[in-house]
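Heads up: numbering here begins at 1 and tracks the sequence.
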Amino acid sequence: MQLTQLPKHTRPREKLLSDGPSALSDAELLAIFLRTGVKGMNAIELADSLLSQRQSLQSLFNTSLEDFLALKGMGEAKYALFQAVLELCKRYLKEGCERAFKFESPAQVHNYLSFQLKGLEHEVFMVLYLDSQNQLIKDEVLFRGTINAASVYPREVVKAALKHNAAAIIFAHNHPSGVCEPSQADKVLTEKLQKALALMDIKVLDHVIVAGNRCISFADRGLL
């Protein structure tokens, strides 16, 4: 059945306008985003199928291009649309946090970093620059690729921290493998960076590893 054949109050767009977005299911919200279905499925049925195949919204939006194109009715144009929306969501969150958000608990830090880093298929090293009140000045990906003491340069980290006038820093990187435990290289790197920044009187508050939906904190582990 086409969406236009459904009772008006049950159509996703009309339902959103009358009851608000929180009243819609994941499939209904996704149907608005997809706009049209494919042969044999309307937009809601297509959305249900996509969620069933990928098992969650998070998995669907983090699907690689190759796997995405294997989904029925999905092409490069839809993939570009998904990636654009995902990036807009990240920028929306970042804009709301910068210079207005104060990290008051490890959970807040973990949630913020998890949203930024989980699902990435390559390793990145991110720095959160904080002022003296632990308000976020800016976050920045400084290095990409395998993260170890040889590939992350303390001089560049110190230079960036001074540029943003940071009083404190939180490091973060992801483990695309899903293994959340810090490696010996992670520990050596953290110690090296901590010593370099201490010379500039800049505190390292934490180093967080994001692996899937898990986060490991160096501060919680007593590694700082």
Side-chain angles (χ1 to χ4, degrees), residues 1-98 100-101 105 107-124 126 136 139 141 144 172 174-180 208-215:
M1 181 183 293
Q2 295 182 355
L3 292 186
T4 54
Q5 296 175 301
L6 294 173
K8 191 171 183 179
H9 69 279
T10 66
R11 299 173 198 169
R13 188 178 302 166
E14 286 76 4
K15 186 176 178 180
L16 183 148
L17 292 173
S18 63
D19 301 333
S22 62
L24 276 65
S25 67
D26 288 349
E28 289 172 324
L29 288 169
L30 191 56
I32 294 176
F33 178 68
L34 292 170
R35 298 182 62 187
T36 60
V38 295
K39 187 176 181 180
M41 290 190 289
N42 63 32
I44 296 177
E45 291 166 338
L46 175 58
D48 266 326
S49 174
L50 292 172
L51 291 171
S52 176
Q53 290 177 75
R54 299 306 302 174
Q55 300 183 337
S56 69
L57 277 172
Q58 183 182 124
S59 176
L60 178 60
F61 274 84
N62 287 327
T63 302
S64 68
L65 175 59
E66 182 181 0
D67 290 339
F68 189 86
L69 295 179
L71 298 170
K72 182 178 180 180
M74 297 296 103
E76 290 185 349
K78 279 288 195 298
Y79 179 79
L81 187 60
F82 271 63
Q83 293 305 304
V85 169
L86 184 60
E87 182 61 24
L88 280 173
C89 289
K90 290 181 179 180
R91 295 185 187 190
Y92 174 85
L93 177 63
K94 183 188 295 186
E95 187 178 288
C97 289
E98 288 179 357
F101 186 80
S105 72
Q108 287 179 316
V109 175
H110 295 173
N111 288 339
Y112 182 83
L113 290 171
S114 181
F115 187 82
Q116 297 289 332
L117 299 179
K118 68 182 177 183
L120 295 181
E121 297 181 348
H122 55 280
E123 201 163 344
V124 301
M126 175 178 277
L136 181 65
D139 69 37
V141 172
R144 301 175 187 272
N174 61 315
H175 283 178
S177 65
V179 177
C180 208
V208 178
I209 297 174
V210 177
N213 291 318
R214 295 187 61 206
C215 290

Participant: Could you list the donor-acceptor pairs under 3.5 angstrom formed between side-chain atoms of residues 25-34 and any protein atom two or more places apart in sequence or on another chain?
Facilitator:
from, atom 1, to, atom 2, distance (Å)
S25, OG, E28, N, 3.1
S25, OG, E28, OE1, 3.4
E28, OE1, K15, NZ, 3.3
E28, OE1, S25, N, 2.8
E28, OE2, K15, NZ, 3.3

Participant: Over all heavy atoms of both residues, which pair between P12 and L24 is shortest? Give the atoms and the distance, please.
Facilitator: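 Distance-wise, the nearest heavy atoms are O-CD2, 3.5 Å.
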Participant: Within a strict 4.5 Å, meaning less than it, do heavy atoms of the E123 and N174 side chains meet?
Facilitator: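 Touching, per the 4.5 Å side-chain cut-off.
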Participant: With distance as the sole test, does S18 use its side chain to make a donor-acceptor pair with the main-chain N or O of E14 at under 3.5 Å?
Facilitator: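 Checking the backbone N and O of E14 against the side chain of S18, a donor-acceptor pair under 3.5 Å is found.
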Participant: Mind checking what makes side chain to side chain donor-acceptor pair (under 3.5 Å) contact with S114, not counting sequence neighbours?
Facilitator: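 Applying side chain to side chain donor-acceptor pair (under 3.5 Å) to S114 gives none.
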Participant: Could you tell me which residues satisfy ring-ring contact (aromatic ring centres under 6.0 Å, His included) with Y79, sequence neighbours excluded, listed by chain and number?
Facilitator: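 In terms of ring-ring contact (aromatic ring centres under 6.0 Å, His included), with neighbours along the sequence ignored, Y79 is linked to F68.
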Participant: What residues form a side chain to side chain donor-acceptor pair (under 3.5 Å) with Q53, not counting sequence neighbours?
Facilitator: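 Result, side chain to side chain donor-acceptor pair (under 3.5 Å) vs Q53: S49.
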Participant: F61 and L86: which non-hydrogen atoms are nearest, and at how many Å?
Facilitator: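 Heavy-atom minimum between the residues: O-CD2, 3.7 Å.
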Participant: Which heavy atom of L69 sits nearest a heavy atom of G75, and at what distance?
Facilitator: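 Heavy atoms of L69 and G75 come nearest at CD2-C, 3.4 Å.
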Participant: Just how far is it from atom CD1 of I209 to atom CZ of R214, taken to the nearest 0.5 Å?
Facilitator: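 These two atoms lie 10.5 Å from each other.
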Participant: A side-chain contact here means heavy atoms from C-beta on lying under 4.5 Å apart; do M74 and V38 qualify?
Facilitator: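 The answer is no; the side chains never approach within 4.5 Å.
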Participant: Looking at T36 and A43, what are the two nearest heavy atoms and their distance?
Facilitator: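 The answer is C-CB, 4.0 Å.
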Participant: Which side-chain hydrogen bond (donor to acceptor under 3.5 Å, both in side chains) pairs, counting each pair once, include a residue from residues 62-77, with sequence neighbours left out?
Facilitator: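 Listed by first then second residue: R54-T63, S64-D67.
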Participant: Any side-chain to backbone donor/acceptor pair from E45 onto N42? Under 3.5 Å, distance only.
Facilitator: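 Side chain of E45 to backbone of N42, a donor-acceptor pair under 3.5 Å: yes, one is there.
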Participant: Return the minimal non-hydrogen interatomic distance between L120 and P176, and the atom names on each side.
Facilitator: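 Distance-wise, the nearest heavy atoms are O-CB, 3.8 Å.
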Participant: Between CG of L17 and CZ of R11, what distance do you get to the nearest 0.5 Å?
Facilitator: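 Spacing of CG (L17) from CZ (R11) equals 12.0 Å.
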Participant: Report the residues that fulfil ring-ring contact (aromatic ring centres under 6.0 Å, His included) with H110, sequence neighbours left out, ordered by chain and then residue number.
Facilitator: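 With sequence neighbours excluded, H110 shows a ring-ring contact (aromatic ring centres under 6.0 Å, His included) to no residue whatsoever.
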